[in-house]
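Down below is the structure, laid out as structure tokens.
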Amino acid sequence: TTLFRSAEENKATSVSLPALGTGNLGFQHTQSALALSLAITAFAAVAQYVKLVKIVLFDASSVAPFVEVISTSLESISLGELDAATNIVAVPPASRGGTAVVSSPDQVMVQICSPTPFGVPKAKEAIDALCQDRYESKYLSWPSEVSLDEACWHAIREADAKHGVHLEYSTGACVVISGEKLGVMSAYTELRDLVNRCAERFRTESHASSVAQIVQWAYQPRGDQSWHKYHAVENMKIEDAYQKYRENKGPGVIGCPDKADTEIYFETLEEKRRGNIVGALQRKTDNSSDIPGHWTKVQGTATAVHGLVQLDASAHEYQQVAARFSATAGGHILRIERVQNEALYSQFQTKKTAMDNNPASQRRSNEQRLFHGTDAHTAAKIWAQGFDRNFAGKNATAYGRGVYFAVNAAYSERYARTHPRQMFQAIVLAGDYAVGAGNMLAPPNRNATERLDSTVNNLANPSIFVTYHDAQAYPEYLITFQ
């Protein structure tokens with residue numbers, strides 16, 4: 001009572017006191033709680049300035065008795081938040097007739113008191129250091145065009161309870177994971193692997209869908225007059241194996257992707273099971289994606305057009321590419337090879353058709369001839385598999401996290417680091433673009449439903465282009481120089 005009266009006289013707005021009598025006096029926690037509840041009830045009737053009374057408990061075992069006694073005794077005063085982990089009980093004078101609420105809030109307010117001016121900042125520094133040592137935040141992001149399936153989203157939603165972390169859904173394809181370091185690392189590792197698998201599955205299905213627009217395999221079981229299309233992913237696997245067979249790099253017989261104990265024979269276009277013919281095969285292509293007329297068969301093969309074809313230095317085709325390269329680059333050309341990849345070219349043509357037919361496009365011509373410098377190991381992957389955004393960030397990301405192309409070969413020359421050095425002249429579907437930024441995972445919005453096609457370094461006179469769709473560029477020529 002003396003403490004409360006003194007607080008009122010000093011016009012204090014809050015009072016903190018321990019569990020009086022439970023120390024040397026030896027009172028039971030329930031006795032102390034009852035005495036305090038009676039004193040608080042009497043004080044609440046006359047208090048003018050004090051709005052908050054706190055009871056500080058230093059022993060976790062005393063929390064339950066205090067909550068039980070006070071929640072039943074203070075019928076006219078409601079308990080606020082209690083955090084047993086920090087041994088703090090706050091008793092605010094909330095609305096009359098309330099009930100006791102026990103919770104573990106995500107945020108805990110800590111008030112620091114000290115008899116000296118230096119104690120508070122020193123304690124705050126110690127708490128900050130403890131938080132920095134024990135807590136962290138990690139960003140988990142994925143390509144914006146990747147659509148995560150429901151199973152992946154369910155795992156993300158359940159991660160907070162499973163790992164004891166807090167999840168915040170940021171703008172774009174990103175989740176911020178915060179909490180104790182061990183829990184954050186555990187959640188991040190699990191979700192990263194899950195998202196990567198989901199993204200890879202999405203890319204595979206997207207690629208398979210693109211292949212199905214160009215070529216479709218079907219089978220006709222014996223005795224059946226109908227042709228049955230393979231599903232997109234199986235269709236893609238068969239087409240990939242067929243292209244290797246045509247290039248003399250793969251077998252003429254493969255296991256059927258969707259039927260056990262069944263084999264596909266490319267030479268006779270048949271399905272066989274244990275040596276017996278069980279069906280016929282059919283391969284239909286989209287004539288609109290036919291290969292360029294100037295492509296020739298690859299040296300050392302009878303019919304295959306897939307591969308690298310070295311150009312004669314006296315040919316007009318060679319001289320055109322060499323002139324564009326030498327206009328800004330200083331390297332001595334050793335050879336120029338034409339990249340002939342039917343699957344990549346067909347995907348590129350499909351993407352070009354879609355962009356050319358987009359009524360929202362502001363440009364009459366989407367194509368540009370640009371350069372892309374790289375190392376020999378990556379160059380081999382590019383001409384065989386195409387430009388891959390998964391390598392974004394390997395060299396530069398100043399204008400977005402995509403694939404970079406330059407108007408001038410001199411700029412791309414600096415990224416051709418192996419010897420002999422290599423650079424692609426590519427056909428790039430730049431389309432409509434905006435100035436990029438380092439954190440961009442996709443171009444800015446064109447309108448409410450779709451995005452622009454690419455980003456650049458300068459809107460008025462761009463010299464660097466960044467693409468975000470793997471089929472948006474075709475590696476037309478591989479230039480080897482020193």
Side-chain angles (χ1 to χ4, degrees), residues 1-135 166 168 178-180:
T1 303
T2 302
L3 174 63
F4 292 149
R5 187 166 51 248
S6 176
E8 278 290 304
E9 291 173 354
N10 288 279
K11 298 183 178 180
T13 58
S14 64
V15 176
S16 294
L17 65 160
L20 298 175
T22 57
N24 293 333
L25 294 179
F27 288 180
Q28 296 294 322
H29 292 134
T30 52
Q31 292 176 297
S32 176
L34 182 58
L36 287 172
S37 65
L38 293 174
I40 293 172
T41 301
F43 174 64
V46 297
Q48 297 182 17
Y49 299 104
V50 176
K51 302 299 181 184
L52 178 65
V53 177
K54 297 183 180 180
I55 303 174
V56 182
L57 304 177
F58 296 98
D59 182 4
S61 63
S62 64
V63 172
F66 263 82
V67 170
E68 181 181 359
V69 171
I70 294 179
S71 62
T72 55
S73 300
L74 301 184
E75 296 180 354
S76 61
I77 302 176
S78 66
L79 282 171
E81 296 178 336
L82 177 148
D83 188 344
T86 55
N87 299 332
I88 297 175
V89 180
V91 188
S95 59
R96 303 298 180 181
T99 57
V101 179
V102 181
S103 64
S104 295
D106 290 337
Q107 295 183 344
V108 176
M109 178 180 292
V110 178
Q111 291 183 332
I112 306 171
C113 302
S114 172
T116 67
F118 310 104
V120 172
K122 187 175 181 179
K124 185 178 183 301
E125 289 177 5
I127 294 174
D128 288 341
L130 178 64
C131 290
Q132 291 177 6
D133 183 59
R134 292 185 57 184
Y135 298 91
H166 175 72
E168 180 181 349
S178 304
E180 291 194 49

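All values reported here derive from a predicted model rather than from experimental measurement.
- If you take CD1 on Ile55 and OG on Ser16, they are separated by 10.0 Å, rounding to the nearest 0.5 Å.
- Between the side chain of Glu8 and the main chain of Gln48, a donor-acceptor pair closer than 3.5 Å is present.
- Between Val46 and Phe4, every side-chain heavy-atom pair lies at or beyond the 4.5 Å cut-off.
- In this structure, the side chain of Ser6 does not engage the main chain of Thr2 through any donor-acceptor pair within 3.5 Å.
- Crowding of Glu180 atom CD: a count of heavy atoms from other residues, nucleotides or ligands under 6.0 Å exceeding 12.
- Residue Leu36 is tested with Leu17, Thr41, Val53 for a side chain to side chain contact (heavy atoms under 4.5 Å, CB included); the sole match is Leu17.
- When every heavy atom of Ala47 is checked against every heavy atom of Val50, the shortest pair comes out as CB-O, 4.1 Å.
- Listed by first and then second residue, the side chain to side chain donor-acceptor pair (under 3.5 Å) pairs involving residues 117-129 are Lys124-Asp128 (not counting sequence neighbours).
- Within the model, atoms NZ of Lys54 and OG of Ser14 stand 6.5 Å from one another, a figure rounded to the nearest 0.5 Å.
- The two residues Val15 and Ala7 come nearest to each other via the heavy atoms CG2-CB, 3.5 Å.
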